[in-house]
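Each chain gets a letter, A, B and so on, in the order the sequences are listed, and its residues count up from 1.
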There are 2 protein chains.
Amino acid sequence: MESKHQDEIVQLCPRYHRAIELIGRRWTGAVIRVLFAGPRRFNEILARIPGISDRLLTERLRELEQAEIVSRAVETGSPVRVTYGLTAMGRDLEGPLGEIGRWAERWLPAEATAL
Amino acid sequence: MESKHQDEIVQLCPRYHRAIELIGRRWTGAVIRVLFAGPRRFNEILARIPGISDRLLTERLRELEQAEIVSRAVETGSPVRVTYGLTAMGRDLEGPLGEIGRWAERWLPAEATAL
DNA sequence: TTGCCTACCTACTTATGGTAAGTTATAAGC
DNA sequence: GCTTATAACTTACCATAAGTAGGTAGGCAA
């Protein structure tokens with residue numbers, strides 16, 4: 001009964017799968033959520049997400065930029081300042097991620113238990 | 001580089017963060033989505049998710065069981081059969097994950113590019 | 001007896017994440 | 001004019017998670 005299904009199901013929904021693997025990567029959801037409030041500079045994002053390291057923030061921002069969810073703006077100057085904001089595609093995640101937030105409020109205890 | 005800001009911001013939204021780290025783990029979204037269609041046996045889930053290994057499926061199912069998103073039912077018999085289904089908490093993810101699916105259909109190309 | 005089935009488990013390798021320190025260019029403080 | 005500070009990274013290294021391969025139990029069919 002098994003090998004029969006596999007091929008037909010490969011395309012069950014590759015877009016959904018790609019989406020969830022993309023926004024489900026560690027810290028990605030938090031980064032996007034911070035940017036819902038408006039464009040932020042690198043160190044602002046870093047400060048708003050407890051636990052993330054600068055290395056990983058760089059990595060996640062690069063991925064989100066490549067996915068066209070986040071846009072990057074550089075202001076050349078004394079210390080270079082870089083601002084990150086959401087694209088239309090990124091802002092459109094407010095619905096989905098908001099739903100996840102409401103689900104979490106319905107079902108998860110206020111004091112987070114250890115994963 | 002140290003972070004001095006961290007403590008003040010810890011309670012931004014721990015439940016949202018926990019939710020996205022939980023359902024965002026690799027394959028978790030796919031497993032839950034398969035179970036939206038109804039309870040399935042171990043090998044059925046395995047066959048429906050191309051790319052996942054049995055080891056990881058076991059691991060994810062254990063985590064989802066612990067999180068009370070998935071329930072496990074054993075039918076003792078000739079070869080032991082185990083059926084996995086969603087709890088109320090798990091079924092309630094249909095809204096959030098559906099939203100993600102629709103977002104993916106709006107924004108991601110039909111032919112998935114490699115992650 | 002040999003092999004097959006389900007639902008795993010164990011050992012091992014590779015990829016990803018976490019931690020700490022270094023870089024570049026400018027500017028402020030002493 | 002020399003140290004120190006800042007922003008946004010980069011590099012190096014170690015730990016954890018994911019991927020791969022093979023094994024296990026107990027019944028059953030050939």
Task: Protein-nucleotide distance (A:R60, atom CZ; D:dA8, atom C1'), rounded to Å - done: 18 Å
Task: Value in whole Å for how far the P atom of D:dT16 lies from CD of B:E59 - done: 14 Å
Open item on the list: Less than 4.5 Å apart, side chain to side chain, heavy atoms only: is that true for B:I23 and B:L64?
Closed with: no
- [ ] Send over the distance from A:E75 CD to D:dA7 P, rounded to a whole Å.
- [x] 13 Å
Open item on the list: If you define the side chain from C-beta out and look only at heavy atoms, does anything of B:M89 sit under 4.5 Å from A:W103?
Closed with: yes
Task: Ionic contact status for B:E105 with B:R102, cut-off 4.0 Å - done: no
Task: Carboxylate-amine/guanidinium contact B:R25 B:E21, below 4.0 Å - done: no
Using nucleotides 7-11 of chain C, report all nitrogen or oxygen pairs with the protein that are shorter than 3.5 Å.
{"residue": "C:dA7", "atom": "OP1", "partner": "B:R41", "partner atom": "NE", "Å": "3.1"}
{"residue": "C:dA7", "atom": "OP1", "partner": "B:V82", "partner atom": "N", "Å": "2.8"}
{"residue": "C:dA7", "atom": "OP1", "partner": "B:V82", "partner atom": "O", "Å": "3.4"}
{"residue": "C:dA7", "atom": "OP2", "partner": "B:N43", "partner atom": "N", "Å": "3.3"}
{"residue": "C:dC8", "atom": "OP1", "partner": "B:R62", "partner atom": "NH2", "Å": "3.0"}
{"residue": "C:dC8", "atom": "OP1", "partner": "B:R72", "partner atom": "NH1", "Å": "2.5"}
{"residue": "C:dC8", "atom": "OP2", "partner": "B:R72", "partner atom": "NH1", "Å": "3.2"}
{"residue": "C:dC8", "atom": "OP2", "partner": "B:Y84", "partner atom": "OH", "Å": "2.5"}
{"residue": "C:dC8", "atom": "N4", "partner": "B:D54", "partner atom": "OD2", "Å": "2.6"}

Open item on the list: Check the phosphate of D:dG19 against B:R26, side-chain N and O only, distance under 4.0 Å to OP1 or OP2. Yes or no?
Closed with: yes
Open item on the list: Please report the distance, rounded to the nearest Å, between CG in B:L56 and P in D:dT16.
Closed with: 18 Å
- [ ] Calculate the interatomic distance between A:I45 atom CD1 and D:dA7 atom C1'; express it in whole Å.
- [x] 13 Å
Task: A:R62 bridged to A:E59 by N-O distance under 4.0 Å - done: no
- [ ] Starting from P on C:dA20, measure out to CG on A:L46 and report it in whole angstrom.
- [x] 14 Å
Task: Expected output: side-chain A:Y16 to main-chain B:G29 donor-acceptor under 3.5 Å - done: yes
Open item on the list: Just the rounded figure in Å: distance from P of C:dT16 to CH2 of A:W27.
Closed with: 18 Å
TODO: Specify the separation, in whole Å, of atom CG of A:L57 and atom P of C:dT19.
DONE: 14 Å
